[in-house]
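From a predicted model like this one, the values you see are computed outputs, not experimental measurements.
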Amino acid sequence: MPANQANQSHPSAPVIKQRPQNSAILQQAQALGLSPLLAKVLAGRLAEGVHNLDCIVQPALRYIERPERLKDASKAAQRIAQAIMQGQTIGVLTDYDVDGITSHAVMYRALTELFHHPADKIQSLIGHRLQDGYGVSAGLVARILQLPVLPDVIITADCGSSDEARIVLLKQAGIDVIVTDHHALPVEGPPESAFAMVNPTQSDCRYPDATIAGCMVAWLVMSAVRMELIAQAYLPEKSPKLGFLLSYVALGTVADCVSLGGSAINRAVVKNGLDLINRFDQPCWRAVRKLLKKEDQLFSADVLGYQLGPRINARGRLDDPYAALHFILAPSDHQAEQYLAILDQDNEDRKAIEQEMTLSANQLAQQQVAQGLEALSIYLPEGHPGVQGIVASRVTQKTGKPSVVLCPAVNPKHMTGSARSVDQVHIRDALQWVHDNNPDIMVKFGGHRGAAGLTIQRESYPVFLQAFDQAVKQQTGQASLQPTIWVDGDLSPEQISEQTWCELQGLQPYGREFDSACFEGVFLVEQLKVIGADQTHLQLLLSDQQQKYSFRGIWFKALAGGQGLNFSEGDYIHCVYQLNLNHFRGRSQIQLMVEWAGKSGH
């Protein structure tokens, strides 16, 4: 069945589209000697512009640009080096998500292990999501100012760009605040009270890649500090570099969903970081391997994004985030396993909360879709603020429309929200449009193209709902947004093999804007079985149309939310899938990871 001919009678049938091919990339890939399949996959992901395919196909550290190209990186490095040489107290202030926690680990280990700063001269400052909120929050600043010993310098990571009102309070207390971040700046510009502002999204920053994650900005700043300490003769010329910390940067980069498409830097970081992780020479990585029962397998970006990332995020979403930092920095296997067990339990709790919230959110979303809204604003009065971002992702995935999920805030006059977007919509720009046209609705907001956070006035929710919809329609030109699955064509039955899977692994790492290869085809359903503790997953035995080959398939969450099927055993289905190599009892077998399936008109 050709693309976009999916059975639209199925209640949640997405639009299935073939990826457009960039003919220039296709020719480049073929000239490099890549197979027709890999050339096609590349040409479907690098849809615009001309790229140096070498740095995409063979990511390498030489493609990482030097830190001094970051605006204020040298100024920041000089102040941090001064604090180190004078034995001053340094505060490390980061968020509670994976990008923040990995940034914290990068800075802490660089300061203590490489720059020999005493641990008792470092203050770890992480806000509590529910009590403090995001970034350099009022609650966190109040606690900092009550410390028995105030830090001389505070270095932020993954936050601070929108926090002038709080940074000025720290400056007034005599603290130099160095902001390192990657989020889009507010229209009023960077925080004036910051001693230095290192953020590649600044219009006058010469760093060639503004898509790097917060943890990468932190890594670059610490690299600049190393060079400054060498220049000051505080460290020897051949002092160790920061390469070994790229394992953390890889985790933070994947989990923060920054681009792995045309970014040579992000691809290099993730590729080399995964190589480091797969040495399993750190207790935290060994603990994850043991928990996931992957003792005989190497980790991919998917393991970081879908297995480890959510466990670290769950702690910050539901409780005090320090257990996540202790896990990452654990000095022994026993301690890493103890902290990971806490994170794992938090993740199970998060899943239960998420499932209930998602059910409610999807019901409300369908009502708004029926009303003709292209941007959805869902208020859940009983919702948990720590899970609203995941729920927003689920709503956007199901509807194909940008969404904001709002929950009650600590301040009873406010609602706190998380926004998630689709390719066609820059979500932070949409929120900026709302603010420009309705300046009294939002208390604060921040984010980037794909995701954002916000706080609004509770009484303004009805106005926000309409304004957000208008903002998105400004960008889409009134076009109707629908859930879409992009596919790379079909595979012959002979191509559905371990050999093809291995071939596709040659383009790792996959991630945002460089999705794993996805295919479509028509199959006969030989067997169908509902599995899983919550009975929402499907196990399938499929055969090709000539019934020469049989394939195992699995469709996770196929029946989630009470969703039914429009096919049964003996039917032909149109199936969208990815290839996966399943490891079980020492044996490997190819299987289809079903993204969507519906009855075929075969």
Quick one: does [X]'s side chain get under 4.5 Å of [Y]'s, heavy atoms only?
| X | Y | result |
| --- | --- | --- |
| L32 | D54 | yes |
| L114 | L229 | no |
| I80 | V221 | yes |
| L111 | V92 | yes |
| L169 | Q172 | yes |
| L246 | L61 | yes |
| F445 | I427 | no |
| I328 | H104 | no |

Quiz item: Out of V149, L147, V153, which one pairs with T89 under the side-chain contact (heavy atoms from CB on, under 4.5 Å) rule?
Solution: V149
Would the distance check show the side chain of [X] and the main-chain N or O of [Y] forming a donor-acceptor pair, the cut-off being under 3.5 Å?
| X | Y | result |
| --- | --- | --- |
| R420 | I390 | no |
| S259 | S263 | no |
| D95 | G135 | yes |
| Q202 | M197 | yes |
| D163 | R166 | no |
| R267 | L260 | yes |
| R45 | D515 | yes |
| S403 | A392 | yes |
| N22 | L46 | yes |
| W219 | L245 | no |

Do we see a donor-acceptor contact under 3.5 Å between the side chains of [X] and [Y]?
| X | Y | value |
| --- | --- | --- |
| T253 | N266 | no |
| Y248 | R109 | yes |
| Q232 | E228 | yes |

Grab the two heavy atoms, one from [X] and one from [Y], that are nearest each other, plus how far apart they are.
| X | Y | value |
| --- | --- | --- |
| P208 | E65 | CG-CG, 3.2 Å |
| R69 | C205 | O-SG, 4.0 Å |
| V269 | A250 | O-CB, 3.7 Å |
| G91 | P151 | N-CB, 3.8 Å |
| I353 | H384 | CG2-CB, 3.8 Å |
| I230 | P236 | CG1-O, 3.6 Å |

Quiz prompt | K75 charged N/C atom sitting above F195 aromatic ring, 6.0 Å / 45° | solution = yes
Practice problem: Evaluate the side-chain contact (heavy atoms from CB on, under 4.5 Å) criterion for residues V136 and V177: first the C-alpha distance (whole Å), next the side-chain angles of each, then the deciding distance (0.1 Å), finally the verdict. | Solution: CA-CA 11 Å; V136 187; V177 180; over 6 Å; no
Gap separating the [atom1] atom of [X] from the [atom2] atom of [Y], nearest 0.5 angstrom:
| X | Y | atom1 | atom2 | value |
| --- | --- | --- | --- | --- |
| D333 | R286 | CG | CZ | 4.0 Å |
| L431 | H426 | CG | NE2 | 10.5 Å |
| I84 | R226 | CD1 | CZ | 12.5 Å |
| L308 | L292 | CG | CG | 8.0 Å |
| D72 | I178 | CG | CD1 | 9.5 Å |
| I265 | M216 | CD1 | CE | 6.0 Å |

Assess whether atom [atom1] of [X] is packed by more than 12 heavy atoms of other residues, nucleotides or ligands within 6.0 Å.
| X | atom1 | answer |
| --- | --- | --- |
| Y306 | OH | no |
| E192 | CD | no |
| Q86 | CD | yes |
| H583 | NE2 | yes |
| K271 | NZ | no |

Quiz item: What class does the angle between the rings of Y510 and F514 fall in, given that below 30° is parallel, 30 to 60° is tilted and above 60° is perpendicular?
Solution: parallel
Quiz item: Relative to each other, are the rings of F280 and F299 parallel, tilted or perpendicular (30° and 60° limits)?
Solution: perpendicular
Practice problem: For the pair L220 and I64, evaluate side-chain contact (heavy atoms from CB on, under 4.5 Å) and give the outcome as yes or no after the intermediate values. | Solution: CA-CA 10 Å; L220 288 166; I64 296 177; 4.3 Å; yes
Quiz prompt | Qualifying residue for side-chain hydrogen bond (donor to acceptor under 3.5 Å, both in side chains) with S161, from N199, T180, T156 | solution = N199
Practice problem: Evaluate salt bridge (Lys or Arg N to Asp or Glu O under 4.0 Å) for E354 paired with K351, printing each intermediate quantity in order. | Solution: CA-CA 5 Å; E354 175 202 332; K351 284 181 186 175; over 6 Å; no
